[in-house]
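Take a look at the structure below.
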Amino acid sequence: MMKRAVELSKLATVKTYPNPKVGAVIFDDEGKIVSEGFTQEYGRDHAEADALRKIGFKAPGFNIAVTLEPCNHYGKTPPCAKAILEAGIKRVFVAKEEENKKACGGIEFLRQNGVKCALVNGFAPYVEEINRFFFKGIRTNLPWITVKVAASKDGFITQKVGERCIITGLEAQIYVHKLRSAHSAIAVGANTVNIDDPMLTVRLVEGFDPQPVIFSRNFSLNLNSKIMKRDPIIFTSANKAHEISSKGAKIEILPENFELKYALSILYTKYKINSVLVEGGADLVKAFLKEGLIDEMQLIESEKVFVSGLKLFDEETKKLFENSFNLTHSEKLGGDLLKIYRDSRSDGCSKLFV
């Protein structure tokens with residue numbers, strides 16, 4: 001039942017945030033599943049309420065397996081622990097205890113009211129992995145950072161500096177759009193905006209468009225670029241707010257030579273963004289690497305050989321990458337090769353892929 005609950009939790013989307021992705025299974029003593037649920041978009045049902053609603057919030061004598069401890073507070077929705085108690089469930093099985101202090105206490109509440117509760121060993125790593133964005137945020141007040149880079153077989157990210165270059169095939173491009181839809185925000189530097197003029201939307205798959213974020217310390221940004229239609233968040237040290245006041249963008253003017261970590265803390269606390277996909281360019285990726293802010297690096301290696309052009313790594317950043325990251329997964333995407341690396345220091349999140 002808990003294995004099924006874990007699978008259900010994967011159906012939750014990025015729009016559950018600030019709630020975690022949770023799965024729930026209601027079943028009888030003979031092992032027959034009565035109802036199932038998973039976390040809906042923020043403001044709608046949590047997993048337990050989603051499962052209970054399907055049976056009219058009546059579950060006398062039944063059991064529930066849930067991947068994370070039922071919440072015990074009033075937010076956008078009532079407490080799940082209270083809903084479980086009132087529905088008549090007699091036993092609750094939990095994969096992982098809640099870490100969010102605002103929401104914890106569900107197990108204690110249920111036990112005090114005569115409901116038996118038990119932790120099920122072996123599933124916490126799966127819950128950690130599925131909710132790595134959520135746990136990174138509540139532990140550090142920073143979003144999870146995934147960097148995606150496409151490179152030629154010999155390590156170049158473009159053949160000519162200052163020119164757009166398509167490196168990967170269709171399968172890899174579809175994968176990247178899935179990756180975009182799984183993150184709250186997508187970040188690029190001003191050079192990428194000026195050269196590629198991207199929209200940074202999800203098009204090749206169904207999914208949600210991430211919030212665009214642009215880093216431009218001196219505001220060397222083309223204000224007529226397409227991305228301006230998507231109301232980006234712009235981090236800069238230049239006082240240019242008046243130039244974009246009519247364009248809908250949200251500008252954050254930070255001190256000169258600001259650290260990226262400071263900008264990320266603003267994204268998390270002010271804009272409620274708990275995951276950022278960094279797509280370029282080379283200088284921005286190197287800056288994230290040098291500040292030690294990358295949790296996951298996804299490299300898509302093409303079969304193409306460029307011989308010359310712009311390399312992703314210089315000698316310093318190559319050494320930083322090799323010393324800090326471990327390869328955790330690889331797979332073919334058509335003719336391209338996806339390699340996923342995790343930061344060995346990354347906030348205790350599981351290296352388990354599920």
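Heavy atoms only: backbone and side chains are in, while hydrogens, waters and symmetry mates are out.
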Supply the atom-to-atom distance [X] [atom1] to [Y] [atom2], rounded to the nearest 0.5 angstrom.
{"X": "I214", "Y": "N194", "atom1": "CD1", "atom2": "CG", "value": "9.0 Å"}
{"X": "I251", "Y": "T236", "atom1": "CD1", "atom2": "OG1", "value": "5.5 Å"}
{"X": "D231", "Y": "Q211", "atom1": "CG", "atom2": "CD", "value": "7.5 Å"}
{"X": "K15", "Y": "Q40", "atom1": "NZ", "atom2": "CD", "value": "14.5 Å"}
{"X": "I166", "Y": "S302", "atom1": "CD1", "atom2": "OG", "value": "11.5 Å"}
{"X": "K319", "Y": "D314", "atom1": "NZ", "atom2": "CG", "value": "11.0 Å"}

> Is there a side chain to side chain contact (heavy atoms under 4.5 Å, CB included) between L254 and I266 once you walk through the steps?
Replying inline: CA-CA 10 Å; L254 304 185; I266 293 173; 3.6 Å; yes
So does [Y] get a backbone contact from the side chain of [X], meaning a donor-acceptor N/O pair under 3.5 Å?
{"X": "Q298", "Y": "T146", "result": "no"}
{"X": "R180", "Y": "P210", "result": "no"}
{"X": "Q173", "Y": "T168", "result": "yes"}
{"X": "D28", "Y": "V34", "result": "no"}
{"X": "S35", "Y": "L52", "result": "no"}
{"X": "E48", "Y": "C80", "result": "no"}
{"X": "T39", "Y": "P20", "result": "yes"}
{"X": "D154", "Y": "V305", "result": "no"}
{"X": "D295", "Y": "I145", "result": "yes"}
{"X": "T16", "Y": "E41", "result": "no"}

Check whether any side-chain heavy atom of [X] lies under 4.5 Å from a side-chain heavy atom of [Y], and answer yes or no.
{"X": "M2", "Y": "F93", "result": "yes"}
{"X": "L260", "Y": "K290", "result": "no"}
{"X": "L299", "Y": "L312", "result": "yes"}
{"X": "P18", "Y": "I138", "result": "no"}
{"X": "E36", "Y": "I26", "result": "no"}
{"X": "V193", "Y": "M228", "result": "no"}
{"X": "F27", "Y": "R4", "result": "no"}
{"X": "N19", "Y": "H46", "result": "yes"}

Between [X] and [Y], does at least one N-O distance fall below 4.0 Å, as a salt bridge requires?
{"X": "R139", "Y": "E99", "result": "yes"}
{"X": "E171", "Y": "K332", "result": "no"}
{"X": "K96", "Y": "E129", "result": "no"}
{"X": "E315", "Y": "K318", "result": "no"}
{"X": "E303", "Y": "K153", "result": "no"}
{"X": "K286", "Y": "E316", "result": "no"}
{"X": "D45", "Y": "K54", "result": "no"}
{"X": "R111", "Y": "E108", "result": "no"}

Minimum-distance pair of heavy atoms, taken over all atoms of [X] and [Y]:
{"X": "S220", "Y": "A190", "result": "O-CB, 3.5 Å"}
{"X": "S9", "Y": "T67", "result": "CB-OG1, 4.3 Å"}
{"X": "K148", "Y": "I300", "result": "CD-CD1, 4.3 Å"}
{"X": "F134", "Y": "N274", "result": "N-ND2, 3.7 Å"}
{"X": "S275", "Y": "H183", "result": "OG-CA, 3.4 Å"}
{"X": "Y126", "Y": "V6", "result": "CB-CG1, 4.1 Å"}

> Centre of Y42's six-membered ring, under 6.0 Å away, within 45 degrees of the axis: is that where NZ or CZ of K272 sits?
Replying inline: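 No, cation not above the ring by the 6.0 Å, 45° rule.
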Take atom [atom1] in [X]; do more than 12 heavy atoms of anything else shown fall under 6.0 Å from it?
{"X": "E206", "atom1": "CD", "value": "no"}
{"X": "R203", "atom1": "CZ", "value": "yes"}
{"X": "N121", "atom1": "CG", "value": "no"}
{"X": "K90", "atom1": "NZ", "value": "yes"}
{"X": "F57", "atom1": "CZ", "value": "yes"}

Is [X] linked to [Y] within one hydrophobic cluster, defined over Ile, Leu, Val, Met, Phe, Trp and Tyr using a side-chain heavy-atom separation of less than 4.5 Å?
{"X": "L293", "Y": "V149", "result": "yes"}
{"X": "F135", "Y": "Y268", "result": "yes"}
{"X": "I294", "Y": "L284", "result": "yes"}
{"X": "F215", "Y": "I157", "result": "yes"}
{"X": "V213", "Y": "I195", "result": "no"}

> Taking the six-membered ring for Trp, are F313 and F321 ring centroids under 6.0 Å apart?
Replying inline: yes
> D197 and S225: side chain to side chain contact (heavy atoms under 4.5 Å, CB included), yes or no, with the steps?
Replying inline: CA-CA 6 Å; D197 196 16; S225 58; 3.4 Å; yes
> Checking side chain to side chain contact (heavy atoms under 4.5 Å, CB included) for the pair E98/N72: CA distance, chi angles, key distance, verdict?
Replying inline: CA-CA 10 Å; E98 176 65 78; N72 191 40; over 6 Å; no
>> As a quick check of understanding, evaluate side chain to side chain contact (heavy atoms under 4.5 Å, CB included) for W144 and E296, giving each step before the final call.
In response: CA-CA 8 Å; W144 176 279; E296 181 173 286; 4.0 Å; yes
> Among I273, T269, L142, whose side-chain contact (heavy atoms from CB on, under 4.5 Å) with L264 holds?
Replying inline: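 It is L142, the one option of I273, T269, L142 that forms the side-chain contact (heavy atoms from CB on, under 4.5 Å) with L264.
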> E331 and Y175: side-chain donor and acceptor closer than 3.5 Å?
Replying inline: no
>> Within the 3.5 Å criterion, strictly below it, is a donor on D343 or S324 matched to an acceptor on the partner's side chain?
In response: no
>> Can you tell me how the ring of F258 sits relative to the ring of F235, calling it parallel under 30°, perpendicular over 60° and tilted otherwise?
In response: tilted
>> Please evaluate residues E7 and K10 with respect to the criterion salt bridge (charged side-chain N to carboxylate O under 4.0 Å, His left out), reporting the C-alpha separation (whole Å), side-chain torsions for both, the decisive distance (0.1 Å), and the verdict.
In response: CA-CA 6 Å; E7 290 302 313; K10 297 178 192 177; 3.1 Å; yes
